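The model shown is predicted, which means the values in this text are computed figures rather than measured ones.
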Amino acid sequence: MRVLLAMTRPYRWRLAGAGLLAAGTDLAGLALMATATWLLISAAGRPPLQALTVAIVAVRALAVGRGTLRYVERLAGHDAVLRLLTDVRTRVYESLAAMAVPVRHTGDALSRLVSDVDAVQDLMLRVLVPAGAAATVATLAVTGAALASPAAAAALSAGLLLAGLALPAAALALTHRAAARVAPLRGALATDAVDLTAGAADLAAYGATGTALRAAAGRAAELARVERRLGYAGSALDAAGVLLGGATAAAVVVVALRSGASGVTVGVLAVLSLAAVEATLALMTAARLYPGSRAALTRLAPLLAPPAPVAGGSTDVPEADVVARDLAVRYPGSDRPALAGVDLTLAPGRRVAVVGPSGAGKSTLIAALAGLVAPTSGSVTRGGHPMHEYAEQVRPRIVGGLMAEAYVFHATLRENLLGDGDVDGALAAAGLLDWVRTLPDGLDTPAGADGAQLSGGQRQRLALARALLLGPRVLVLDEPTEGLDPDAADRVLAGTLTAAGPGRAVVLVTHRLRGLEGFDEILVLDGGVVIQRGTHVRLSATPGWYREHL
């Protein structure tokens, strides 16, 4: 919430103006009801027309003013909130793009980018602005009633307190737990939708379509139950609000009559009470919406938080080493660790290759280094500080690059290449520059959904160019030359290492043992354990897995 409040700072005067306009709209409606009631009751006595002229003009002016104020309030409020939503959605998108978002999480990412960000609009336009306006209207309504009948004002105050405090408290109590579940359930359902559409072929191949459909249907049914429960609670609260408005008006009428107020005054106070309670009930609506908005903001918080340095160090210190000590990772449900007892020091400029058979733990190692997988034991630190102390947006700039599930956005090639570096240089290093220059639209060529318009090799090299532009201090590369012929693979690897520069550490995961002569160290993993380590020259001369697979 603090981060969102900080983001609203440039628009605080716009939002304050929208709140004042909302209060003015409700006050105009309140005055219109009171004036029209006075006019109707007074006109029943057939007074001279001159005695009603001011009231007639006031009714017309208030009717026109109320509509005008409502239009300007909506215009000002939506202008401020849509500007804020642009900033929020941009920051969320940048955070998601900076992270190595696995494909299996893209449904949840979409939910955060769309539904959760839209909750910010509800928070501003349907919670904060109406709540402020309702509090203002209630205060002025009691003040106006007190001028006519202090006793009636006391009865109106009691009704408004119930409408502005008791009913909102009841709304929070009834809807808090259910509303907090809506955002996570929508995120899970969005993930199910993506899995069922994008992964339909894989699910069918493994005979898991029915299981996935049943799981999605179960989550959809649970979401429907939660929303139905919220609907029932909302209907009950709305009914209570209507009854409270009638009861407050009745109490005001009785008290005003006992205090000797005139019939005109009693009629005006009755209508004023009904309108004031109705305006104050906006606080109850705000209370019903607040838990859901807060749950959505909680999910957005990690993506909105600005990059935070670790305690005692800066995220921009280039000479800090990334060190893994006795690193072990065990996935839930697995009978053996994916990694066990791995030690590795990544100093600036150091080149390390990680090789081994499929399933040896190579990808798990770089995921643990990048902070995408939590160590079961041991540690990964940078400059002596655990990697998990860095903000999620910062970690990919420390340890990041081309991961196993590199994502290509449904956008142009240019929009997929994030970073402030030399785009042509990154494309040349990845072996894509000549190909891009042959395209009619160049970098403005659409990549398609998940890179569908690209070949596998082009998709991989586009992600490689993006990793180079991101410029992490430790560049991790998971099979960067997969799908290329040997000569092209050698050229891409050489270009990538040159583009990485002498001040950046590189960790290369590969099945190819060709082209590793210039690496400072080669780790051979098997079963999550380092079974060999050393330079190419040393390992080539030592009996073992590396020599056998050269």
Side-chain angles (χ1 to χ4, degrees), residues 85 88-89 92-93 95-97 99 101-127 170-239 284-304 331-333 392 405 407-410 448-450 452:
L85 285 183
V88 171
R89 192 164 273 126
V92 171
Y93 183 87
S95 297
L96 291 173
M99 299 176 190
V101 182
V103 174
R104 62 179 178 275
H105 293 324
T106 54
D108 183 61
L110 179 64
S111 178
R112 296 190 191 206
L113 189 61
V114 179
S115 300
D116 291 352
V117 172
D118 285 344
V120 175
Q121 179 175 324
D122 288 341
L123 179 66
M124 295 295 170
L125 294 181
R126 301 177 66 188
V127 176
L172 276 175
L174 290 173
T175 63
H176 174 73
R177 185 172 299 176
R181 296 175 59 197
V182 169
L185 280 172
R186 284 178 178 168
L189 195 58
T191 301
D192 290 337
V194 171
D195 288 344
L196 286 168
T197 52
D202 292 335
L203 290 171
Y206 286 94
T209 302
T211 302
L213 283 171
R214 285 191 293 273
R219 269 185 280 271
E222 185 178 2
L223 178 60
R225 282 195 298 272
V226 171
E227 291 184 330
R228 189 160 47 246
R229 194 176 308 153
L230 288 173
Y232 291 152
S235 298
L237 290 167
D238 289 339
M284 181 184 70
T285 303
R288 286 162 52 189
L289 292 172
Y290 179 71
S293 299
R294 185 177 180 84
L297 289 177
T298 300
R299 283 162 46 83
L300 285 178
L303 303 177
L304 293 178
Y331 292 114
E392 288 187 41
E405 295 178 325
Y407 191 77
V408 175
F409 293 96
H410 191 5
D450 198 17

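L172 approaches Y290 most closely through the heavy-atom pair CD2-CD2, 4.4 Å. Smallest separation of non-hydrogen atoms from A233 and L174: CB-CB, 4.3 Å.
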Worked verdict on L230 versus V182 for side-chain contact (heavy atoms from CB on, under 4.5 Å): CA-CA 10 Å; L230 288 173; V182 169; 3.8 Å; yes

Exercise answer: donor-acceptor pairs, residues 207-214 side-chain atoms, under 3.5 Å, sequence neighbours excluded:
{"residue": "T209", "atom": "OG1", "partner": "A204", "partner atom": "N", "Å": "3.4"}
{"residue": "T211", "atom": "OG1", "partner": "R214", "partner atom": "NH2", "Å": "3.4"}

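By the side chain to side chain contact (heavy atoms under 4.5 Å, CB included) test, R219 pairs with A188, L189, D192, A215, sequence neighbours left out. Residues satisfying the side chain to side chain contact (heavy atoms under 4.5 Å, CB included) criterion with D202, sequence neighbours excluded, are absent altogether. Checked against side chain to side chain contact (heavy atoms under 4.5 Å, CB included), L185 has the following partners two or more places apart in sequence or in another chain: R181, E222, L223, V226. In this structure A170 satisfies the side chain to side chain contact (heavy atoms under 4.5 Å, CB included) test together with L237, sequence neighbours excluded.
Each side-chain hydrogen bond (donor to acceptor under 3.5 Å, both in side chains) pair with one or both residues in residues 224-236, not counting sequence neighbours, appears once here: R186-E227.
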